[in-house]
Amino acid sequence: MLELNDVKKTYRGASGPVTAMNGVTLKLNAGQFVAVQGPSGCGKSTLLLTAGGLMHPDGGNIRIGDVDPYSLPPDKRATFRGERIGFVFQQFHLVPYLSVLDNILAAALATGTSTKDSVRTRANQLVDQFGLSHRVHHVPNSLSSGERQRTALARALLNEPSHLLADEPTGNLDRENADIVLDAMSDFASAGGTVLLVTHDELAASRAGTVLNMRDGQIA
Amino acid sequence: MSVWRLMLREIRHRKVNFGLGVLTVAVAIACLVGAQSLLQADRVITQHILADRQAEVEGAIAEKQAEVEKAGAELQDAMRKHMLGLGFNVLILPEDQELSELHLGGGLTATMPESNVDKLANSEIVTVNHLLPSVNQRIHWGERDMDIILVGTRGEVPIMHRGMKKPLLEAVAPGKMVVGYEVHRKLGLNEGDAVTLNGEEFTVSTMHPQRGSQDDTTVWIDLAQAQEMLGLQNLIHAILALECDCAGDRISVIREEIAGILPGTQVIERYSQALARAEARGYAKEAADEALAREKAAGEERLAQEAAGRAEIEQRHAGLAAVLVPLVVGASALLIALLSYVNARQRREEIGILRAIGLKAGQIMIVFLSKAFVMGLIGGVIGAVLGLAILTFQSESPLPVPVSEIVRSGPVTSALVLAIVLAPVLAGIASWLPGLIAARQDPAVVLQGD
């Protein structure tokens, strides 16, 4: 479960304060796939980062399961993120000098399980699942955009999180790869996970069970 | 996958950054170890140079010492002959002998019975050790047309109550002639030559070297032959008394004793040629002693100068090292910090995502610090090797001792151990702040770039 209650976030801009979230209230249950749509600058990414325990809100509160991540000290919050939340971003954010397999396994560094056989087995399963077997020792520079995003998705899923937060995951992908990513998200939700997808893409949004619109820092 | 593997992959990915870091550490450590090695080499070279100089000085002093000892031995030998006891000589002359004649012409005219010498020898005289009767007259050597002083001597007359002593002066055998320097030089005489002196045949037995005195124009022959040639049978001109023993007012005591035995005589102190030589040897010994003292002083001064020179060199090197080493180490630390900071900036995105997916700040710090540690360790080892290699290029090559001796010495070993231990630690300290900045980086700010 992911729950946001009256969450507010304001940035200090060069021309004055910019309100990114102005009292966002939202509740996602386990197995729910929710897409948030809205124009650029409406606060979608801020919503995702705040919900993922990466950006402290100015007001309101957030609960992931029964935990308020912001009540945790920084290191525990980091571990909490590693165990409970998977992130997928438009720009993939892979570590450039690590192979596909190592990039996936990097997620296990957060949980201290990166050297466990079971984790390696799961990583290899994800490699197979996302059609990356032939690229397992390649570094990101030699991968296509689709392969990079699939690698990022595999990394997000390695620790078997309960929540998957995706920010424009199909923005740089062709339709085929976008479908692979969206299918994986749907499968994740079907398996009881919670998915929060932030996207411009109508087609992507259409794959979600619930589509919310965001405007001027608020859920419409 | 581990933090260690992450670090190694990153090193392989950013070789230039890592290589520059290693080079920086290596330069700093090379400077540190090199400076320490050179300073130690200075100390070792100084020890060797000073030991060599010390040996040279001691050799020179020993040489001088030998000279002094030789001079001393010569003096002792001379003194045994001439200066044993009190060691001064007197001349016993007839009372009516004009001393001016002796001083001006070298010859004597007044005579006394030859038996005076036997009288003296048989007396209980205690102040005289050796007696030498003689006739001394200036004559013209007709055959050679040359004025000479003819001395007739029979050698020493032993003083009976003393027993026989080793004579100080030998007698001239009948028919033999001892020739002074000027005489044999002018006449071109050689030992063994047969010569005729006023009708008498002689063989030159001895030729004296130059003495710079009346002796140079003197010819010595047997007393009896001289007496016959001069018509002075059983007469003598003088008795030379040698090695007179007495203390205090010596001459007056001797005069008193001789006057009691030989009335009608006068006694004058005769400056002894032997004494002069002994004194000369004494002076030589003094001069040698002074030379020895000078040699010692000069040697000590040379050693002191060498030591001061070496100390100045060592001080100059130490001063330079005291400035250069901290400067290079400090600059290197700054450069490592800068390289780490640049590295942290380059890795901003990856650190952001690693933080986002759950890596703790401490793990990020470990990634940075372990890289710095590896950088320091490799750079430290390379720097230590380079530092030792500096020894082979230093100015005073070839070294007087094997490099291994310098390396094994305490300060260099300490510097090596310190360098290899310290380099990773210092590299870690230099990377601490950039690592901290990276670890505290807000991942949201990085991810918002999307």
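Letters go in sequence order (proteins before strands), and every chain restarts at 1. No hydrogens, no waters, no symmetry mates; every other heavy atom, side chains included, goes into these values.
The heavy-atom pair separating R14(B) from P96(A) by the smallest distance is NH2-CG, 4.5 Å. Across every non-hydrogen atom of P443(B) and L54(A), the tightest pair is CG-CD2, 3.7 Å.
Panel note: side chain R81(A), backbone R355(B); a donor-acceptor pair is recorded below 3.5 Å.
Of the atoms belonging to I357(B), heavy atoms from both backbone and side chain fall under 4.5 Å from chain A. Heavy-atom distances place the side chain of R155(A), and not its backbone, under 4.5 Å from chain B. With a 4.5 angstrom heavy-atom cutoff, L109(A) touches chain B via backbone and side-chain atoms both. Neither the backbone nor the side chain of R77(A) comes within contact range of chain B; no heavy atom of the residue lies under 4.5 Å from a heavy atom of that chain. Only the side chain of Q363(B) comes within contact range of chain A, with heavy atoms under 4.5 Å apart.
A 6.0 Å sphere centred on CD of Q315(B) holds no more than 12 heavy atoms belonging to other residues, nucleotides or ligands. Within 6.0 Å of CZ in R440(B) there are 12 or fewer heavy atoms belonging to other residues, nucleotides or ligands. Counting heavy-atom neighbours within 6.0 Å of D187(A) CG, excluding the residue itself, gives a total above 12. Annotation: H134(A), atom NE2; neighbour count of heavy atoms from other residues, nucleotides and ligands within 6.0 Å is above 12.
For the atom pair OH (Y97(A)) and CD (E350(B)), the distance works out to 3.5 Å, reported to the nearest 0.5 Å. Annotation: the span from S114(A) atom OG to R5(B) atom CZ amounts to 10.5 Å, rounded to 0.5 Å. Atom CE in M55(A) sits 6.5 Å away from atom CG in D442(B) (nearest 0.5 Å).
Among L354(B), V3(B), L6(B), I351(B), the residue making the largest number of heavy-atom pairs under 4.5 Å with chain A is L6(B). Most heavy-atom pairs under 4.5 Å with chain B: of the set V119(A), L48(A), T79(A), this distinction falls to T79(A). Between chain B and the options T50(A), T46(A), D75(A), I104(A), heavy-atom pairs under 4.5 Å are most frequent for D75(A). Note: D102(A) leads L98(A), D102(A), L105(A), L49(A) in heavy-atom pairs under 4.5 Å with chain B. Options G358(B), A361(B), G352(B) differ in how many heavy-atom pairs under 4.5 Å they form with chain A, and the most are formed by G358(B).
Here the side chains of L94(A) and E349(B) are not in contact, with every heavy-atom distance at 4.5 Å or above. Proximity of M1(B) to T115(A): side-chain heavy atoms (C-beta onward) are nowhere separated by under 4.5 Å.
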For this session: Determine, step by step, whether I353(B) and F92(A) satisfy the side chain to side chain contact (heavy atoms under 4.5 Å, CB included) criterion, reporting the C-alpha distance in whole Å, the side-chain angles of both residues, the deciding distance to 0.1 Å, and the verdict.
Result: CA-CA 9 Å; I353(B) 191 62; F92(A) 324 124; over 6 Å; no
